[in-house]
Amino acid sequence: MSKNMELARIFAEIADVLDLTGANAFKVNANRKVARTLEEAGEDLAELARTDPARLRDIPGIGDSSAKKILEFVTTGKVAEREELLASIPAGVPALLQIPGLGPKRVRTLWTEGGVDSVDTLRAKLADGSLGGLPGMGPKTLKAIEESLTFLDTTRGRIRLGEALPVALELIAYLRNAGAVTRISHAGSLRRGKETIGDIDIVASSTHPAALHEALRNAPGVSKVLVSGETKTSIRTAHGMQVDLRTVADAQYGAALLYFTGSKEHNVRLRERAQKMGLRLNEYGLFKEDATAKGTPQERGEQPVAATTEESIYEALGLWWIPPELREDHGELENQPPKDLIDTKHIKAELHCHTTASDGTLSIAGMVDQAIARGFHTIVLTDHSRSQAQANGLSIERLRAHIAEIRAVAAVYADRISVLAGSEVDIMVDGTLDYPDDVLAELDFVVASPHSALRAESAVATERLLAAIRHPLVHIIGHPTGRIVNAREGLSPDIALLAREAAKHNVALEVNANTMRLDLRDSHVRMCVEAGCLVAIDTDAHGAGDFDQLPYGIATARRGWLGNSQCVNTWTRAKLGEWIASKR
DNA sequence: GCCGTTTTCGGCCCGACTGTTTTCAGTCG
């Protein structure tokens, strides 16, 4: 398993304690940024520190000091600065920062003046009323803290993209019905297609914003109104999801959408760029900066340089268009995103799906009909191999009968769609495949996937997957890490190495579009793009509705800067057919 | 702590909302 998450926690802890002890805010931020970099890295940075420390130092945001700490962790298993910092304050204090409404200043007040040294003592002191009279802590603040604690008891943390998007779209439809909406969109990490979402952001322009804010406060399923102003409303749903609505005049909509889509880091870079150009960027527009004038440009009623659309703002900043999924400060201001960035409408083939032969819910013909309905020219049926007993995996005998059945259906559909006989074959612990080669050769197509031993060491996992990539009959490595979003970390092989080897062997690495998987993940896709290997985006459909998960896989691939030409699912029937045949 | 189209030193994005305050600090995104 990768050490990135463990290291990220260490840097986050360092940042928290520095923050609580009143250290330089920029130093705090620098540590937070390193934590974020570690969380989002596609490769194991501890491993990188071991093998190529110079490259570690080249990663933006990681300077000498942080690189040293990562190296220290690699050699000793800990970071002395973190140990010292944590020892300097009561163990339960940093956790107080997780409570909504409590930042470093209030936590410090609670701790040093109120004797609060943990969440438990906070609870007790709130209950016995002994916190009244602390500076800046009036009755409303204390009540808000109490409510936050109750909320934390029931919260589920970040939710999956596939859960959040339907809720957001439903709310947007509801707000549209409330009237007075000119333009409206989801924003934030949801619009950027991140695999998990903290809260749902909605931006709207409206002729009667007050009506819109009232509609959200009264929306079905609202359990609490958190914030309610003239331009901003935040509510919490009964399911514990927070929804923020921001309204602006229509002429400012582009600036607002840009701002609330983020990411924060992308916005900071845009504003720095604006500043250098003598401009000021905020959620109302891009303005000429006038340091001598009082107040904000929008307060002075100044005409913005650009504001109505996101496109106009990027253009005025001398930048190319940057799609929302790429706005992470991952080089999108320095390098132009691919002009043929992958899009759902480009997908013309499903290469990994299941039927009732193993654990799917539709027949062969049923799945083929679904593919035709989506305008695909090719579908490969890939039921589970024999080791997947719990998924009704096919014995060799059953596989042969299934192949015959697929061929019969294929003949019926031949003039409308290519129907191919494949299998999702388990990659065994030792890297061999679950059927002998002569059986695999009877199939048109092979997706090789890991399903077991998903806690193996990184180096072991790498060798196991490399063996599958080198197998001459394999087309795709399915969900290469086996991770489940928010639930199972899965394997952490050396993806860069796998991608280079896949490029050499003309094998595609899969982006499994199922919202539970999204595997490969965004940062891994970026490594595939850099290595130039083929990528497949498949839904791994087990029934009709699963085909609709494709956009989640597309979002993940876009976040990895994947272009059309590198994705086998976008190829023409003929070109795809040639690649498939080349493995036989 | 990080970084460089003015910089190896001296900066480091911008505004809404709330609560506790007489003009602003703290938090959040």
For [X], enumerate each residue passing the side chain to side chain donor-acceptor pair (under 3.5 Å) test, keeping only those at least two apart in sequence or located in another chain.
X	answer
A:S130	A:D128
A:R269	A:D329, A:E334
A:H213	A:T233, A:T247
A:D201	none

Could you tell me which residues satisfy side chain to side chain contact (heavy atoms under 4.5 Å, CB included) with [X], sequence neighbours excluded, listed by chain and number?
X	value
A:Q549	A:N514, A:T515, A:Y552
A:E84	A:A80
A:L169	A:L165, A:H186
A:K68	none

Sorted by number, the residues of residues 180-197 of chain A with heavy-atom contact under 4.0 Å to DNA chain B: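 The answer is none.
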Let me have a per-nucleotide readout for nucleotides 24-29 of chain B, 5' to 3', with B, S or -, counting only protein heavy atoms under 4.0 Å. --SSSB
For nucleotides 1-6 of chain B, 5' to 3', base contacts (B), sugar-phosphate-only contacts (S) and non-contacts (-) with protein non-hydrogen atoms under 4.0 Å give BSS---
P atoms of B:dT8 and B:dG4, separation to the nearest Å: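 Result for the P pair: 13 Å, nearest Å.
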Among pairs that include at least one residue of residues 169-184 of chain A, which meet side-chain hydrogen bond (donor to acceptor under 3.5 Å, both in side chains), considering only residues two or more places apart or in two chains?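 Residue pairs passing side-chain hydrogen bond (donor to acceptor under 3.5 Å, both in side chains), neighbours aside: A:R183-A:D250.
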